[in-house]
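The next block holds one structure in the form of structure tokens; read it before the comments.
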Amino acid sequence: MTVLRHLRHDPWALAGGIVVLLFVLAAVLAPLLTAIPGQDPYRYHLDALDDSGAPRGFGGGISAQHWFGVEPLSGRDLFAIVVYGARTSILVGVGASAASVLVGVAVGLVAGYFGGWVDRVVSRVVDVMLGFPSLVFMISLTAVVAASFPKPLLIVLIIGFFGWPSVARVIRGQVLSLRSRTFATAAEAMGAPAGHVLARLLLPNVGASIIVYATILIPASIGTEAALSFLGVGVPPPTPSWGRSIGDAVAWFRVDPAYLVFPGGALFLLTLAFNAFGDGLRDALDPRVSRGRRSAATPVVDDRVVPNR
Amino acid sequence: MTEGAGSPVLAVRDLVVAFPGGAGRVVDSVGFDLHPGRVLALVGESGSGKSLTAMSVLGLLPPTASVSGSIRLEGEELLGADRGALRRVRGGRVGTVFQEPMSAFDPVYRVGDQVAEAIRVHRGGRRAALRARVAELLAAVGLPDPRRIAASFPHQLSGGQLQRAMIAMAISNDPVALIADEPTTALDVTVQAGILDLLRALAAERGTAILLITHDMGVVADLADDVLVLRRGETVERGPVRRVLLEPEHPYTRELLASVPTLVGGDVPASAPAGRPVAVLEQAVVSYSRRGRTLRALDGVDLEVRAGEVVGLVGESGSGKSTAGRALLGLAPLADGGASVEGVNLRRAGRRARREVRARIGTVFQDPASSLNPRTTVGWSIAEPLLLHTDRSGDQREERVAELLDAVRLPRDFARRYPHELSGGQRQRVAIARALALDPALLIADEPTSALDVSVQAAVLDLLADLQARLGFACLLISHDLAVVRRLADTVVVLRDGRVVERGPTARVLSEPADPYTRRLLAAVPVADPGLQAARREERRALEVQP
């Protein structure tokens, strides 16, 4: 509740949250939305193009039927592509982030709690993963894996696989400091098994950071998916993807700049909104920040409030 | 405060510090005079506003605070003074000594450089001259080998050495006044005694006026000339130290003094008839290796806690007293010797057996703020041992939690609250309730009251004594505070550097200590009676002269 109240007073985060919500709605309701002008992202409209394959008319062929204009060469409706592209972006972004967080939290908890050789092994693996040229590896992986493997799932798994190390590192650090807090020692002193300490004591205490980290990972994953599609190794055509549209649009930029503006703008807006929301969420959940802000209203009546050490 | 000759160095009048919102005035119309060569003690419990009062002199209050009144340093008004003027005061005409010497120094610079920096910002000077001045200052605060100290990093020095260096820094610009905010609270008693001697000498020899902020009546008796007692921002009582400590007029002052655990007078618990041994350490050795060196935290310790008795384990920091408790819990593995609880040999017991033994032990830790899970309710925390070791249903657990809350004299509806909604004393009661949830055979209380205010401390100690008498568990009370141990323990064991130096019935050990270390430890504890304390000081000095 206090989190919601805090977010309400943070216009930047609030705007981010609303934009994210709008994109999610658009993605869910994509068939309905595109049905209004009577479009879908797969149908060709060659009549909307001139002889060179560029869209006819203003702004890449913006009209009552084609709200964002049409795609060069094929004449497919750009509004439908952007709206359906949101599905791809959000699905891959959320899926990959969920995979990263799941693995990262599990690994971080275990490494931080057990310490010793477990921690040493995990930390080295994390170091290697973070130092890895992941984009090169992702590109080659998409080429190596059998074509029969569903491509979107593969993309989710690959991006998720390279996302977990940073999560694991953050969670491990937090668990290390939590483990030395007395309540964890107290639980151990009363004979609590490792599972109890991990699940009932440590996990709830890192919950806030997990949520925050997830909201920051999602835009990063969306960006990675767009990058892969831009390079032509992402979600295969004809499934709409912002990254692929942006990649194609670069070649048409002189003739038809609107083709770049719409998918590019959507990608920019969504990642910015997620980041703004994640930032606000971190402030709202971080007790230190909220205490700093709250001190204006209700200071703690305690000598120790004063920075006297 | 009539004895102060001449005009005051620092005159505070009608000081009001308020924060917007519910808290209101946290310092309310406080006023005092600080005279050269005299020590004024601001005494109070947490939330009394004593530190805020001192910080307002330096203009170091949080920006949200609104301050009114008058603070004059040698006639010059400090309230509303510009930043430049305040900066010249801070560290220049007013030196400050903080509570935690460990965190008051920057860990990445040498101590000497930090002291030199304090001089340089106020007076400037060449490197060589500064270095000589630093050595002179460090020698003046009683540090042997000042050049070595100056070249050391903070982590290479002990707390006592750092606090002396801090004082050297505070007096580096020959301040007219010194603010000492709980200067000895983080230190061992034997170290504290030396620091108090040093501060007394500064006031006497240099004529520095000292504003001492403390919660410890013993420290007040040892050092202060005048006392100002604060409660919730208001002045409760003021006067010369003898009058206030020996004939307090205000009921609050009387209550505060009455709750100070004492080393003289009062009752010492009569030794209870000892039952079967519940916890035993036999020639226990616990060692840590740090950077290739092996340190023995426990070095052949014998300890026995019998049913129905309270054993006080006393020692200064690094004595291994907490390690002994951890060894009994199986949290610190033994390198040699034996440990058993309820007849189970902890060295030979497997994982499972060790966990079952822990179900027979209740533990209370020092810091109630961190010993409860902040994300769960108090009721959940109290029920945690039941959840782990019994198969009681939710209702049965709730019932037991209610019983336990009754036992520690907290309202039953506290079960639904979160730790941050409770005061320190209440949290410690919750921790005790949790420790008792499984009717333990042994209670290990590790510094159970040292994070609490004296008045709260007294109540928690009484509660522990009462519960122990009623439930008859064996209790290992670990503390640095001899007075706390005296109040509760039947038997005392004194540890030093991982070895037992003395053991025996509390009354005997604390009145006729046989070991020289125990004698010094006892002599270093200040008592809340200025006359008596002066006599004790002489005694302590005599002990120090002996080898």
Side-chain angles (χ1 to χ4, degrees), chain A residues 1-3 109 113-116 174-211 285-288 290-309, chain B residues 19-23 26 44 46-52 54-55 60-62 64-65 96 98-100 103-104 181-182 213 232-233 326 329 331 354-359 361-363 365-376 380-381 384-385 387-389 419 431 434-435 437-438 444:
Chain A
M1 281 298 104
T2 52
V3 172
L109 275 177
Y113 178 71
F114 289 103
Q174 294 210 332
V175 169
L176 275 183
S177 79
L178 282 170
R179 196 184 56 164
S180 62
R181 295 268 297 275
T182 320
F183 69 87
T185 317
E188 252 180 275
M190 63 181 88
H196 175 89
V197 178
L198 283 171
R200 308 297 289 267
L201 300 177
L202 298 178
L203 192 60
N205 278 289
V206 295
S209 3
I210 294 174
I211 294 172
L285 289 170
D286 186 344
R288 273 168 309 168
S290 50
R291 202 176 297 144
R293 296 199 175 164
R294 213 180 300 143
S295 75
T298 51
V300 187
V301 192
D302 187 324
D303 289 342
R304 274 158 287 187
V305 180
V306 185
N308 63 349
R309 44 190 71 170
Chain B
F19 287 99
V26 287
S46 49
S48 63
K50 56 188 192 299
S51 282
L52 287 173
M55 288 304 127
L60 285 178
L61 290 175
T64 51
T96 317
F98 295 101
Q99 177 174 350
E100 293 272 356
S103 57
D181 189 353
E182 303 271 8
I213 291 117
R232 293 192 206 116
R326 292 173 62 85
L329 283 164
L331 291 175
R354 233 182 299 173
R355 205 144 69 206
E356 273 159 21
V357 163
R358 286 182 195 169
I361 308 176
T363 323
F365 293 92
Q366 171 173 358
D367 185 7
S370 82
S371 69
L372 302 173
N373 186 353
R375 300 264 164 186
T376 57
W380 189 89
S381 284
E384 199 180 355
L387 201 69
L388 287 168
H389 294 289
R434 175 175 64 181
L438 294 170
I444 298 177

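Side chains included, hydrogens not; waters and symmetry mates left out as well; all remaining heavy atoms used.
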Check your understanding: Going by distance alone, is a donor N or O of one side chain under 3.5 Å from an acceptor N or O of the other, for B:Ser370 and A:Thr182?
Key ->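 Checked: B:Ser370/A:Thr182 side chains pair up, N/O donor to acceptor below 3.5 Å.
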
Check your understanding: Between B:Glu182, B:Gln366, B:Glu384, B:Glu356, which has the largest tally of heavy atom pairs under 4.5 Å with chain A?
Key ->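 Going by pairs under 4.5 Å, I would pick B:Glu384.
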
Exercise for review: May I ask you to name which of B:Ser371, B:Ala54, B:Ala431 has the most heavy-atom pairs under 4.5 Å with chain A?
Suggested key: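 The answer is B:Ser371.
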
Review point. Judged by atom type as modelled, is there a donor-acceptor pair below 3.5 Å linking the side chain of B:His389 to the main-chain atoms of A:Met190?
Key: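 Checked: pair present.
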
Point to revise | Nearest atoms (heavy-atom pairs only) where B:Asn373 meets A:Arg200 | key: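 B:Asn373 and A:Arg200 have their closest heavy atoms at ND2-O, 3.6 Å.
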
Exercise for review: Can you see which heavy atom on B:Thr363 is nearest to which on A:Ala189, and at what distance?
Suggested key: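 Closest approach of B:Thr363 to A:Ala189, heavy atoms only: OG1-CB, 3.7 Å.
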
Exercise for review: Tell me, for B:Arg354 versus chain A, whether the close heavy atoms (under 4.5 Å) come from the side chain, the backbone, both or neither.
Suggested key: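 When you check distances to chain A, no heavy atom of B:Arg354 falls under 4.5 Å.
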
**Study point:** Side chain, backbone, both or neither of B:Leu387 within contact of chain A (heavy atoms, under 4.5 Å)
**Key:**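 When you check distances to chain A, only side chain atoms of B:Leu387 fall under 4.5 Å.
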
Pairwise side-chain contact, [X] with [Y], heavy-atom cut-off 4.5 Å (strictly under):
| X | Y | result |
| --- | --- | --- |
| A:Pro193 | B:Leu388 | yes |
| A:Phe183 | B:Pro374 | yes |
| B:Arg326 | A:Thr185 | yes |

Point to revise | Those residues that, when tested against B:Arg232, pass side chain to side chain contact (heavy atoms under 4.5 Å, CB included) (two or more places apart) | key: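 Side chain to side chain contact (heavy atoms under 4.5 Å, CB included) check on B:Arg232 returns nothing, list empty.
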
Exercise for review: Heavy-atom pairs under 4.5 Å with chain B are the metric here; pick the option from A:Ala187, A:Ala192, A:Ala184 that has the most.
Suggested key: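 Top count of heavy-atom pairs under 4.5 Å with chain B: A:Ala192.
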
